[in-house]
Amino acid sequence: MPLESHLSEFTLAPLTGAKDARAMMRLSLFDWAACGLAGVAEPLAAILRDKALAEGGAAQATLFGGRRVPARAAAQVNGAISHALDYDDTHFAHIGHTSVGVVPAALAVAEREGADMAGLVDAALIGSEGAVRVGVWLGRNHYETGFHQTATAGALGATMAAARLIGQVRAEMALGLASTRAAGLKSQFGTMGKPWNAGLAAETGVECATLAALGFTSNPSDMSGVQGFGPTHHGAAEAEALEGLGQDWLFPQVSHKFHACCHGLHATIEALGSLELTAAQVDRVEVRTHPRWLKVCNKPAPQTGLEAKFSYAHVVAMVLAGVETSAIRNFSDALAQRPDLVAIRDRVTVVTDSTLSEMQAVVTATLTDGTARTARHDLDAPISLDARGDKLRRKAAGLLGAERADALWAASMGDDLAAFAGLLAGG
């Protein structure tokens, strides 16, 4: 069966079982909402909100921070805002951020179509699984060439989520339309363009599913066919990508961020933190990491808070100086240029190690007395749903305050979609 047919059937098929996958989707929904609410204060948010409100249109879906706009616009704005802090979840099979592209599309269409919370969760799960599967199908070369999978595979997942909620849609036509619209480049990392990529994915999902429902046609083999998205975007067409689709779930392998920076830095932070060293004790630090991260988060001399989120040297300096890496406020322009942190990061060396997975890092700190201490961390180590939920609730409390975080948790785990949307609006 062609790729497009597999994905189309999965998009609209009854969803049975998947208890753990649904539970993980609820956690990601909560985390996505917390990141979006915290991102409302970012300059990007004001620009996009003002633009959407100035354009006007039918009041179909809620914006982070309040007001309602057309579903397409809400999806774009909310997708970008929720990725503005780069504190949202990551999937390393997908090589991208699933929730920020898929959930905003699902929420906007769910509000417009009058769906309930269970419908939102199922659609977001279908779309997230679809994004991951498409990401695996495209393969690593697509990402290494420079495409941002959050925007490319994410747009196709967002289309699946939106199509499921609309219902009477020829899903293969919607995916064909999404194939000709999906776009996003890694060259935007460190700028407002990176979170906007997530918003464009969500907007694409809403628009393509809506057009397909209205009878708009496309080439239904435009993902894998001649001159289709895969062949023209350095896709590998990995055949095993769809194995077990609908029975074996890849989405629950998603990683949530507990540090306010690029996920590629987290294993390093955890490894160095376990050594419990201070800057005064350390002469130099060597970080060993998977080769791909050097193109993503190895800015040696960041000048802005955004750039600091993509710098091994800077997060090493923060850990040694006792600066909390889970606090978003600490990734500021001022701290990126703070003299003591600049001095520490000049003593950091980053080297590649192809024997490590993308989830692992090894840190060696040479002390001032000449001795060395080494630590290793693997982000892929198992963590239970309950433990993950506790970590996410603490993270949300740090972002929003305990009272707002508790209310958001209750709404995310509940059945009232209107109540959930009301909290996103600031209610």
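With sequence neighbours excluded, the residues satisfying side chain to side chain contact (heavy atoms under 4.5 Å, CB included) with N298 are L294, Y312, V350. Among residues two or more places apart in sequence or in another chain, the side chain to side chain contact (heavy atoms under 4.5 Å, CB included) test is passed with A407 by L423. Taking the ring pair (Phe, Tyr, Trp, His ring centres under 6.0 Å) definition, one finds that H233 meets it with F147, F229, sequence neighbours left out. Residues forming a side chain to side chain contact (heavy atoms under 4.5 Å, CB included) with T371 (at least two apart in sequence, or on another chain): L367, D369.
Remark: the E207 side chain and the T210 side chain contain no N/O donor-acceptor pair separated by less than 3.5 Å. S5 and E172 form no side-chain donor-acceptor contact under 3.5 Å, judged by distance and modelled atom types alone.
In this structure, I328 and Y87 have side chains that are in contact, with non-hydrogen atoms separated by less than 4.5 Å. Between M160 and L175 there is a side-chain heavy-atom pair separated by less than 4.5 Å. At least one side-chain heavy atom of M318 sits less than 4.5 Å from a side-chain heavy atom of F331. Between D20 and W249, every side-chain heavy-atom pair lies at or beyond the 4.5 Å cut-off. Proximity of C261 to H314: side-chain heavy atoms (C-beta onward) are nowhere separated by under 4.5 Å. A 4.5 Å side-chain heavy-atom check between L107 and L424 finds at least one atom pair inside the cut-off. The closest side-chain heavy-atom distance from R181 to L200 is not below 4.5 Å. Side-chain contact check for L245 versus E129: some heavy-atom pair is nearer than 4.5 Å.
Within a 6.0 Å sphere centred on CZ of R67, other residues, nucleotides and ligands contribute 12 heavy atoms or fewer. By the 6.0 Å contact criterion, CG on D378 is enclosed, its count of non-hydrogen atoms from other residues, nucleotides or ligands being greater than 12. Counting non-hydrogen atoms of neighbouring residues, nucleotides and ligands closer than 6.0 angstrom, the CZ atom of R68 exceeds 12 such neighbours.
No donor-acceptor pair under 3.5 Å is formed between the side chain of E286 and the backbone N or O of T349. The backbone N or O of T366 sits nowhere less than 3.5 Å from a side-chain atom of D283 that would complete a donor-acceptor pair. Between the side chain of Q360 and the main chain of S357, a donor-acceptor pair closer than 3.5 Å is present. At least one donor-acceptor pair under 3.5 Å links the side chain of E111 to the backbone N or O of T62. Not one N or O on the side chain of E238 forms a donor-acceptor pair closer than 3.5 Å with the backbone of E240. Under a 3.5 Å cut-off, the side chain of R345 and the backbone N or O of P302 do form a donor-acceptor pair. In this structure a side-chain-to-backbone donor-acceptor pair under 3.5 Å is missing from R393 to W409. Judged by distance alone, the side chain of H266 and the main-chain N or O of H259 form a donor-acceptor pair under 3.5 Å. Under the 3.5 Å distance criterion, the side-chain polar atoms of R133 are matched with a main-chain donor or acceptor of E243. Looking only at distances, no side-chain donor or acceptor of T204 sits under 3.5 Å from a matching main-chain atom of A182.
Under a 4.0 Å N-O distance rule, the pair D86/K194 qualifies as a salt bridge. A salt bridge links R72 with E203: at least one charged nitrogen is closer than 4.0 Å to a carboxylate oxygen. Salt-bridge annotation for E358 and R140: present, with a side-chain N of the basic residue lying under 4.0 Å from a carboxylate O of the acidic one.
Shortest non-hydrogen contact noted between A202 and A158 is CA-CB, 4.1 Å.
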side-chain contact (heavy atoms from CB on, under 4.5 Å) between D380 and Q253, worked out: CA-CA 8 Å; D380 220 10; Q253 299 167 20; 5.8 Å; no
CA sep, side-chain torsions, deciding dist, call: T289, D353, side-chain contact (heavy atoms from CB on, under 4.5 Å): CA-CA 6 Å; T289 187; D353 185 341; over 6 Å; no
Verdict with reasoning, S128 to T98, per side-chain hydrogen bond (donor to acceptor under 3.5 Å, both in side chains): CA-CA 6 Å; S128 295; T98 50; 4.7 Å; no
side-chain hydrogen bond (donor to acceptor under 3.5 Å, both in side chains) between S224 and E4, worked out: CA-CA 8 Å; S224 61; E4 295 84 357; 2.8 Å; yes
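Residue E270 holds its CD atom at 7.5 Å from OG1 of T325, rounded to the nearest 0.5 Å. K309 NZ to C262 SG: the interatomic distance, rounded to the nearest 0.5 Å, is 11.0 Å.
In this structure, H148 has its ring center under 6.0 Å from that of F189.
Applying the ring pair (Phe, Tyr, Trp, His ring centres under 6.0 Å) definition to pairs two or more places apart or across chains, those involving residues 273-306 are F92-W293.
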Could you pull out every donor-acceptor pair under 3.5 Å between side chains of residues 21-41 and any protein atom, sequence neighbours left out?
residue : atom : partner : partner atom : Å
R22     : NE   : D122    : OD1          : 2.7
R22     : NH1  : G17     : O            : 2.6
R22     : NH2  : L15     : O            : 3.1
R22     : NH2  : D122    : OD1          : 3.4
R22     : NH2  : D122    : OD2          : 3.2
R26     : NH1  : S412    : O            : 2.8
R26     : NH1  : G414    : O            : 2.7
S28     : OG   : D89     : OD2          : 3.0
S28     : OG   : H256    : NE2          : 2.8
D31     : OD1  : K395    : NZ           : 2.9
W32     : NE1  : S82     : OG           : 2.9

